Amino acid sequence: MTKSKEGIEARVERLHASGIIDMHFDLPMDLCEKRAQPNVLATEFLPQFEAGGMGLIGAAIYIEDRYLPERGLQVALDQIARLYTEAEQSKCCVVCRTHQEISSALDSKKVGFLITMEGVEPLGDDLDLLRAFYELGLRAVGLTHARTNAAGHGGIFAASGSSPEGLTPFGGDVVRECERLGIIVDLAHINPAGFKEIVDLTTKPLVVSHTNSRKFYDVERNISDEQINMIGQRRGVIGINSVLVNPKQKESTLDRYVDHIEHVANLIGMDCVGIGFDFFEFIYRQWPESKKKWMAEKLTTPHFIPDLTNHSHARNLTRKLIERGFSDNDLGKILRDNWMRIFEELL
Ligand SMILES: [Zn+2]
């Protein structure tokens, strides 16, 4: 059958056959919270990864407020330990540290994990610990989540009002050390002043693992056209987030998700946009109402896209991109190849 006669389903199948890449998922936290249960990865997550044709997932270490400051380091180590144990037990997942290991995982049809850190709270203010985490497999670091820490300030979920201050001296040291060690610097969540400072401090490609365009959802946690251009000038990659595509729930749809992809590609090219789903519904669902209320007051209410709430839905996105006219070449870049270029250049 010629490609032009190939049906949409066959096209989706072919595009997912080499494995797709999502650079942000709060997996280690959930595995760690459920450590009393056996095979959580294999039973709760792997079926979804396989249904979605996932090849590599950025597995983010994130420390909840209730553990800070005293237990940040310990919980981070527990999360990494749990990820390695569960990956080994699953027999189908593997933690990757290099471009070569990621390529091998994709070739062998395993699901690879790249360990990332969302907020450097586990380091306290000890730069030596960054090296220790690197040895444990850490390969991408975002300095902050929404809160302030020893490295800098997060962007808030409002159109203005984030701290006007940039990084702390420690934050600057972490960024420089990431570049030296070969850790990807991730600008997701950092406030606008910190974002600019990181761009000025670094020379290599920068990424924003999971974010959205402020054109469609104007909060400082997302990124402006000016910031998108800064990433493009460095030939970085921006991963599009699924939970902040629109301030309204009813406008949070697959089409609106694709609008963000198109917007970034129109500004800085098809080589600089990828996926950072940030699927969060499975955690949110487990929360008591009081915690959901806390999140709505302190951060925001996440708006889940009904047919894009977990990895088993990944093919819905590919179908939508095909429907919207993206070529196979574009799709390959968005779903996998752009992130692979970053790994090849930096890891
Ligand atoms: Zn995040």
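All values derive from a computational prediction rather than experimental measurement. Sequential numbering from 1 along the given sequence is applied to the chain's residues. Just follow the structure's listing: the first ligand is 1, and inside any ligand the first atom is 1.
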Parallel, tilted or perpendicular: rings of Trp339 and Phe343 (30°, 60°): parallel
His145 backbone or side-chain N/O/S under 2.8 Å from the Zn ion (ligand 1):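 No.
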N, O or S from His24 under 2.8 Å to the Zn ion (ligand 1): no
Phe282 ring center within less than 6.0 Å of Phe45 ring center: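 Ring-ring flag for Phe45/Phe282: true, centres closer than 6.0 Å.
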Ring centers of His210, Phe25 separated by less than 6.0 Å: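 No, the ring of His210 stays outside the 6.0 Å limit from the ring of Phe25, centre to centre.
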Phe216 six-ring centre to Arg256 NZ/CZ under 6.0 Å and within 45° of normal: no
Glu118: its N/O/S atom lying closest to the Zn ion (ligand 1) (atom name):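 Atom name returned: OE2.
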